[in-house]
Amino acid sequence: QVQLVESGGGLVQPGGSLRLSCVVSGFTLNFDAIGWFRQAPGKEREGVSCFSGRSSSTYYADSVKGRFTISRDNAKNTVYLQMNSLKPEDTAVYYCARARVNSGAYDFCRKQDAGYWGQGTQVTVSS
């Protein structure tokens with residue numbers, strides 16, 4: 001059974017940092033595309049960062065490039081999103097997702113063709 005469980009969200013001041021975690025089960029991180037997506041109130045869902053285990057490719061949205069880093073620990077079946085220099089516009093519910101089919105990182109983040117989603121974790125950036 002495939003599951004993705006996010007944690008690590010919270011309230012942080014502008015300029016601060018948070019690290020989100022996504023513990024996965026039922027599949028391996030070595031071969032699948034997995035990523036972080038976010039949705040703010042009144043806005044469309046956005047692909048933030050994705051990687052493809054098969055192609056070893058990584059994608060970052062322009063809005064987070066240089067500030068966010070996606071990583072994984074295969075032994076812990078966990079994917080991380082390190083978020084630095086947070087801005088109020090980063091406020092959103094963040095979701096971890098696995099691609100429905102084998103995808104490159106760019107395609108997965110842009111097309112958002114996910115087969116499985118986590119429950120989401122709230123990130124609020126505010127003073």
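No hydrogens, no waters, no symmetry mates; every other heavy atom, side chains included, goes into these values.
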- Task: List the steps and the verdict of side-chain contact (heavy atoms from CB on, under 4.5 Å) for L4 and V23.
- Result: CA-CA 6 Å; L4 304 96; V23 178; over 6 Å; no
- Passes side-chain contact (heavy atoms from CB on, under 4.5 Å), N74 versus T28? Steps please. CA-CA 8 Å; N74 290 347; T28 175; over 6 Å; no
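- Note: Y94 OH to T121 OG1 = 10.5 Å, rounded to the nearest 0.5 Å.
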- Task: Walk me through it: do D90 and K87 pass the test salt bridge (charged side-chain N to carboxylate O under 4.0 Å, His left out)?
- Result: CA-CA 5 Å; D90 294 317; K87 305 175 181 180; over 6 Å; no
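- Cluster annotation: V93 and V64 are assigned to distinct hydrophobic clusters (Ile/Leu/Val/Met/Phe/Trp/Tyr, side-chain heavy-atom contacts under 4.5 Å, transitive).
- When hydrophobic clusters are built by joining Ile, Leu, Val, Met, Phe, Trp and Tyr residues whose side-chain heavy atoms come closer than 4.5 Å, directly or via intermediates, V24 is not grouped with F108.
- Proximity of a side-chain donor or acceptor of S21 to a complementary backbone N or O of S7 within less than 3.5 Å is not detected.
- Checked against F37 for a side-chain contact (heavy atoms from CB on, under 4.5 Å), the options S49, C96, C50 give a single hit: C50.
- E46 and S63 share a side-chain donor-acceptor pair at under 3.5 Å.
- Taking each heavy atom of T91 and Q122 in turn, the nearest pair found is CG2-NE2, 4.0 Å.
- Considering all non-hydrogen atoms of both residues, A40 and A92 come closest at N-CB, 3.8 Å.
- By the criterion of side-chain heavy atoms lying less than 4.5 angstrom apart, applied directly or through intervening Ile, Leu, Val, Met, Phe, Trp or Tyr residues, Y80 is not grouped with I70; the two fall into different hydrophobic clusters.
- Taking hydrophobic clusters as Ile, Leu, Val, Met, Phe, Trp and Tyr residues chained together by side-chain heavy-atom distances below 4.5 Å, V48 does not share a cluster with Y95.
- Using modelled atom types and a 3.5 Å distance limit, the side chains of D73 and T78 yield no donor-acceptor pair.
- Aromatic ring centres of Y59 and Y106 lie closer together than 6.0 Å.
- R72 contributes a side-chain N or O that, together with a main-chain N or O of L29, makes up a donor-acceptor pair within less than 3.5 Å.
- In this structure, F68 has its ring center at least 6.0 angstrom away from the ring center of W36.
- Within the model, atoms CG of L11 and OG of S127 stand 9.5 Å from one another, a figure rounded to the nearest 0.5 Å.
- Sorted by first then second residue, the salt bridge (charged side-chain N to carboxylate O under 4.0 Å, His left out) pairs that include residues 5-33, not counting sequence neighbours, are D32-R98.
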- Might you work through the side-chain contact (heavy atoms from CB on, under 4.5 Å) test for Q82 and S17, ending with a clear yes or no? CA-CA 8 Å; Q82 178 66 43; S17 298; 4.0 Å; yes
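- Note on W117 and V79: separate hydrophobic clusters, where clusters join Ile, Leu, Val, Met, Phe, Trp and Tyr whose side-chain heavy atoms are under 4.5 Å apart, directly or indirectly.
- Here the closest non-hydrogen pair linking S52 and S103 is OG-O, 3.0 Å.
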